[in-house]
Amino acid sequence: MAPSPTGRFHLGSARTALFDFLLARKTGGQFILRLEDTDQKRFVEGSEEEIMRSLDWLGITPDESPIHGGRFGPYRQTERRELYQSHAKALVEKGHAYPCFCTPERLEQSRKDQEARKVDRVRYDGLCRALDPSDAAKRVASGEKYVIRFKMPHEGSTTAHDHLRGDIVTENKYLDDNVILKSDGLPTYHLAAMVDDHEMEITHVMRGSEWLSTFPLHVNIVRAFGWEEPVWIHLSLFLKPSGKGKMSKRDNADVMKDGRTVFVDDMKDLGYTSEGVLNWIALMGWGVAEDDVMSLDDMIQRFSIDTLTPSPAAINFQRLDHFNGTHIRLLTTEDLSARIKPYFVAAGLPVEDEALLKITPLIRERLVTLDDCLTFASFFFKDAVSPTPDDLIAKGLDAKQSAEIARKCFEIVSALPDLSHQTAEPPMRAYVESAGLNANQVFGILRVAVTGQKVSPPLFESMEIIGREKVLARLQDAITILENLSVSP
RNA sequence: GCCCCCAUCGUCUAGUGGACUAGGACGCAGCCCUUUCAAGGCUACGACCGGGGUUCGAAUCCCCGUGGGGGCACCA
């Protein structure tokens, strides 16, 4: 994969990386990370690190990269500039490209003129294309500033083959003489990517379909060099959740309002698992007929470039939540415990590993994101909970009656030789029965008293983990709250 | 404006001329299970963009519309 370090690493790049990785594993090839850092103006400090961090987290670490090395390095394009310059020169010598001395001002003027004439497509007017090659060479030698443009044929058409879309035929008259080497001596994407793909022996090019419009240019460059073409695959685009428009980095602000993100590096903090994210993005642009819950290994087994889909796909965060929850449930108790522990620690709760191992099975199927563990299990680690009086009063009863029930619960637990879910439940049920109450009322009060909240993991199992002493203390607190309520309404 | 790509339930998709009464998943609704919330099980709702062809037969092939998307830089 070959991202440019010009911003944050988002879902679309991650999906491309995943498919690259899967294809490499499937075919016994190498998964390479190449950084397309030829635009110095747009370079963003730290984005290279973010790309690698994101790939690592997803579990698709490159085999070759700027930091991992490899036999095709260097893997940053700015470190390969001579390579592109010599290739650009070769193209000029073969008559497939030419130096252009037009100033940005002249180009701007030409553009304006064309717009005024309402031409269909604004493009380079070809002034320097008409120059005598030896004259041009002299001007270059004299130190005049120039760029190199690719000489597109004016006649005929270009047929480019995409593995998903078949032949794409473009009339050459619609094409432009694009700049392939900039005046700063660095190449544009068009040259750099083609040269590197060839030099690095890239067999398959998978990229977003926003590249379709420059596809004819690219195949013309490859053919001008006389190189063998890779298999070209233009992947489906990711659309905004609304389906209106391409998903972009700028959409993150909107998405964040709902606690979502399009940046892979933020996913972990939001409680997403790499398994969930991977499964989610894999299924956009790839049609899998069978069971769609897949691990990375499953994906490697099933991946095929023949089952990729060309149409744009709207991202759907509800689906991410579904896959995240599903993969959380697939985790072992030990693994899940280790993954949720940092959230308790970050919240300043004194989490004990032994207790956590017992708690994890109780909350596992309730978690959509890992940080949900806080809402479901924080009460285990607190000294005391602070239920609201409203929550403590059972439906259909008043404070006095609720206090009575809490007192009875206290008595039952006190009478127990030891507190476990097996020992506590039968006497509680017997009490519910004999008092003519319903289980919802009694267990509701007990739940709020013990956990401080109306929604919790299974009550008796939770009480067992909290321990008799703490349970009694919390019940006592609840009784006090309810009694204060009934004497001073 | 011009060029290009795409088109099956709200969303992601299966489907490659007959096995389609169009399958699955998410979401949504209901039921079951149940001490809460989940999870799980079951059921319901829900689509071949329109029009022409080709063919004995079209979701599938062709054409034209329409709609959606992308691109038109010394950015990638």
Side-chain angles (χ1 to χ4, degrees), chain A residues 2-7 36-39 41-42 100 102-104 107 111 115 118-124 145-149 162 164-165 168-171 173-176 178-184 186-190 192-193 207-216 234 236-237 239 241-246 280 283-293 307 309-323 325-326 329 363-368 372 375-376 425 428-429 432 438-448 451 453-460:
Chain A
S4 62
T6 52
E36 314 230 319
D37 57 349
T38 56
D39 188 351
K41 291 185 286 293
R42 291 203 308 153
C100 170
C102 295
T103 62
L107 259 19
R111 225 186 315 269
E115 276 161 14
K118 295 203 193 305
V119 295
D120 287 337
R121 188 195 199 276
V122 176
R123 81 187 97 172
Y124 180 59
K145 222 172 183 200
Y146 70 100
V147 300
I148 292 179
R149 291 181 180 275
D162 177 274
L164 300 184
R165 301 159 203 265
I168 293 168
V169 183
T170 312
E171 297 291 322
K173 64 180 178 188
Y174 296 124
L175 270 19
D176 199 359
N178 290 259
V179 172
I180 56 175
L181 195 76
K182 298 181 275 189
S183 58
D184 64 1
L186 282 168
T188 58
Y189 170 89
H190 313 303
R207 48 165 24 174
S209 62
E210 66 265 29
W211 290 106
L212 236 23
S213 56
T214 43
F215 190 18
H234 291 88
S236 69
L237 244 29
L239 268 26
S242 64
K244 300 281 177 203
K246 178 168 82 152
W280 179 49
L283 259 18
M284 284 185 281
W286 177 20
V288 179
E290 322 90 285
D291 184 9
D292 58 7
V293 175
T307 51
T309 57
S311 33
I315 54 174
N316 180 341
F317 288 102
Q318 284 183 322
R319 216 161 175 244
L320 168 60
D321 286 346
H322 165 255
F323 281 118
T326 302
R329 272 169 252 134
I363 62 173
R364 176 190 277 121
E365 60 265 26
R366 280 158 248 265
L367 304 180
V368 173
D372 286 342
T375 68
F376 284 113
E425 189 164 352
M428 289 300 307
R429 288 208 181 271
V432 169
N438 71 49
N440 270 327
Q441 294 172 317
V442 176
F443 294 158
I445 292 169
L446 187 56
R447 180 187 315 281
V448 174
T451 70
Q453 51 201 56
K454 294 176 95 161
V455 172
S456 82
L459 185 52
F460 294 107

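Every heavy atom of this structure was used, including side-chain atoms; hydrogens, water molecules and symmetry mates were not. The model shown is predicted, which means the values in this text are computed figures rather than measured ones. Note on naming: letters A, B, ... go to the chains in the order of the sequence lines (proteins, then strands), and numbering restarts at 1 for each one.
- OP1 or OP2 of B:C75 lies within a sub-4.0 Å distance of a side-chain N or O belonging to A:K41.
- With B:A25, B:A14, B:C74 as the choices, the nucleotide that has an atom nearest any side-chain atom of A:A289 turns out to be B:A14.
- Contact annotation for A:P216: no contact, since no heavy-atom pair falls under 4.0 Å across all strands.
- Under the Watson-Crick or G-U wobble criterion, with both distances below 3.5 Å, B:C49 is paired with B:G65.
- B:G27 and B:C64 have their P atoms separated by 41 Å, given to the nearest Å.
- No contact: A:G325 has no heavy atom under 4.0 Å from any strand.
- Of the candidate nucleotides B:U13, B:C75, B:A25, B:U13 has the atom nearest to the side chain of A:A313.
- In this structure B:U55 sits in no base pair that meets the Watson-Crick or G-U test at under 3.5 Å.
- Taking only side-chain nitrogens and oxygens, A:Y174 comes nearer than 4.0 Å to OP1 or OP2 of B:C3.
- In this structure, A:P241 reaches neither bases nor backbone, as no heavy-atom distance under 4.0 Å exists between it and the strands shown.
- At the phosphate of B:G40, OP1 or OP2 sits under 4.0 Å from a side-chain N or O atom of A:R329.
- Looking at the side chain of A:N316, the nearest of the listed nucleotides B:A76, B:C6, B:U11 is B:U11.
- For A:R121 and B:C72, a side-chain-to-base donor-acceptor distance below 3.5 Å is absent, hydrogens and geometry of angles not being considered.
- A:D176 and A:R149 are not joined by a salt bridge, as no carboxylate oxygen comes within less than 4.0 angstrom of a charged side-chain nitrogen.
- Nucleotide B:C2 is matched to B:G71 when pairs are restricted to Watson-Crick or G-U wobble geometry with both distances under 3.5 angstrom.
- Between A:K182 and B:C75, a side-chain N or O to OP1/OP2 separation shorter than 4.0 Å is present.
- For A:H190, the side-chain atoms get nearest to B:A76 when compared with the rest of B:A76, B:U36, B:A38.
- Between the CZ atom of A:F323 and the P atom of B:U11 there is a distance of 17 Å, given to the nearest Å.
- With hydrogens and angles ignored, the 3.5 Å screen pairs no side-chain donor or acceptor of A:K145 with any backbone N or O of A:D184.
- Place A:R366 and A:G285 on RNA chain B by their nearest nucleotides, and A:G285 ends up nearer the 5' end.
- If you check every strand for non-hydrogen atoms under 4.0 Å, A:R165 touches sugar and phosphate atoms only.
- Listed candidates were B:G71, B:G69, B:G1. Nearest to the side chain of A:K244 is B:G69.
- If you take atom P in B:A39 and the same atom in B:C26, they sit 10 Å apart, rounded to whole Å.
- Within 4.0 Å (heavy atoms only), A:L283 reaches sugar-phosphate atoms of the nucleic acid but no base atom.
- A:V147 comes within 4.0 angstrom of a base, heavy atoms only.
- Note on A:R111 versus A:E115: no salt bridge recorded, every NZ/NE/NH1/NH2 to OD/OE distance being 4.0 Å or above.
- Atom NE2 of A:H322 and atom P of B:C28 are 12 Å apart (whole Å).
- For A:D120, counting side-chain heavy atoms from C-beta on, the closest listed nucleotide (B:G1, B:A76, B:A14) is B:G1.
- Nearest to the side-chain atoms of A:V179 among the listed nucleotides B:C5, B:C74, B:U35 stands B:C74.
- The phosphate of B:C3 has neither OP1 nor OP2 within less than 4.0 Å of any side-chain N or O from A:T170.
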Does the pair A:W286 and A:T307 meet the rule for a side-chain hydrogen bond (donor to acceptor under 3.5 Å, both in side chains), with working shown? CA-CA 6 Å; A:W286 177 20; A:T307 51; 2.9 Å; yes

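- In this entry the distance linking CD of A:E365 with C1' of B:U36 reads 13 Å, nearest Å.
- Here CD1 of A:I168 is found 5.0 Å from CG of A:D162. Values are rounded to the nearest 0.5 Å.
- For B:G10, the paired base is B:C26 (Watson-Crick or G-U wobble, both distances below 3.5 Å).
- Of the C1' atoms belonging to B:A47 and B:C28, the separation is 16 Å, rounded to the nearest Å.
- B:A14 and B:C63: their C1' atoms are spaced 27 Å apart (whole Å).
- Distance from the side chain of A:N440 is smallest to B:U35 among B:U35, B:C4, B:C26.
- The aromatic rings of A:F317 and A:W280 are tilted relative to each other, their planes meeting at an angle between 30° and 60°.
- Rounded to the nearest Å, the gap between the P atom of B:C49 and that of B:A22 is 15 Å.
- Closest approach to the A:V455 side chain among B:U13, B:C4, B:U36 is made by B:U36 (side chain taken as heavy atoms from C-beta onward).
- Between the C1' atom of B:G71 and the CG atom of A:L175 lies a distance of 12 Å, rounded to the nearest Å.
- Rounded to whole Å, atom C1' of B:C4 lies 15 Å from atom NZ of A:K173.
- Between A:K246 and B:G71 there is a side-chain polar atom (N or O) within less than 4.0 angstrom of OP1 or OP2.
- Taking 4.0 angstrom as the limit, A:T38 places none of its side-chain polar atoms (N or O) nearer than this to OP1 or OP2 of B:C75.
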- Message: Please determine whether side-chain hydrogen bond (donor to acceptor under 3.5 Å, both in side chains) holds for the pair A:H234 and A:R165, giving the CA-CA distance in whole Å, both sets of side-chain angles, and the decisive distance to 0.1 Å.
- Response: CA-CA 8 Å; A:H234 291 88; A:R165 301 159 203 265; 5.3 Å; no

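- In terms of phosphate contacts, A:R429 brings a side-chain nitrogen or oxygen within less than 4.0 Å of OP1 or OP2 of B:U35.
- B:C33 and B:A25: their C1' atoms are spaced 23 Å apart (whole Å).
- Between A:G444 and A:D176, the one whose closest nucleotide on RNA chain B sits nearer the 5' end is A:G444.
- As judged by a 4.0 angstrom heavy-atom cut-off over every strand, A:S183 is placed among the base-contacting residues.
- In this structure, A:F317 places its CZ atom 19 Å from P of B:C26, rounding to the nearest Å.
- Here A:P3 lies out of heavy-atom contact (under 4.0 Å) with every strand.
- Looking at A:S4 and A:T6, their side chains do bring a donor and an acceptor atom within 3.5 Å of each other.
- Straight-line distance between the C1' atoms of B:G15 and B:C9: roughly 14 Å, to the nearest whole Å.
- Among the protein residues, A:W211 comes within range of the nucleic acid bases, having at least one heavy atom under 4.0 Å from a base atom.
- B:U16 sits 23 Å from B:G10 when the P atoms are compared, rounded to a whole Å.
- Although no hydrogens or angles enter the test, the distance criterion places no donor-acceptor pair under 3.5 Å between the side chain of A:T309 and the main chain of A:S311.
- Heavy atoms of A:S4 sit under 4.0 angstrom from primed sugar atoms or phosphate atoms, though from no base atom.
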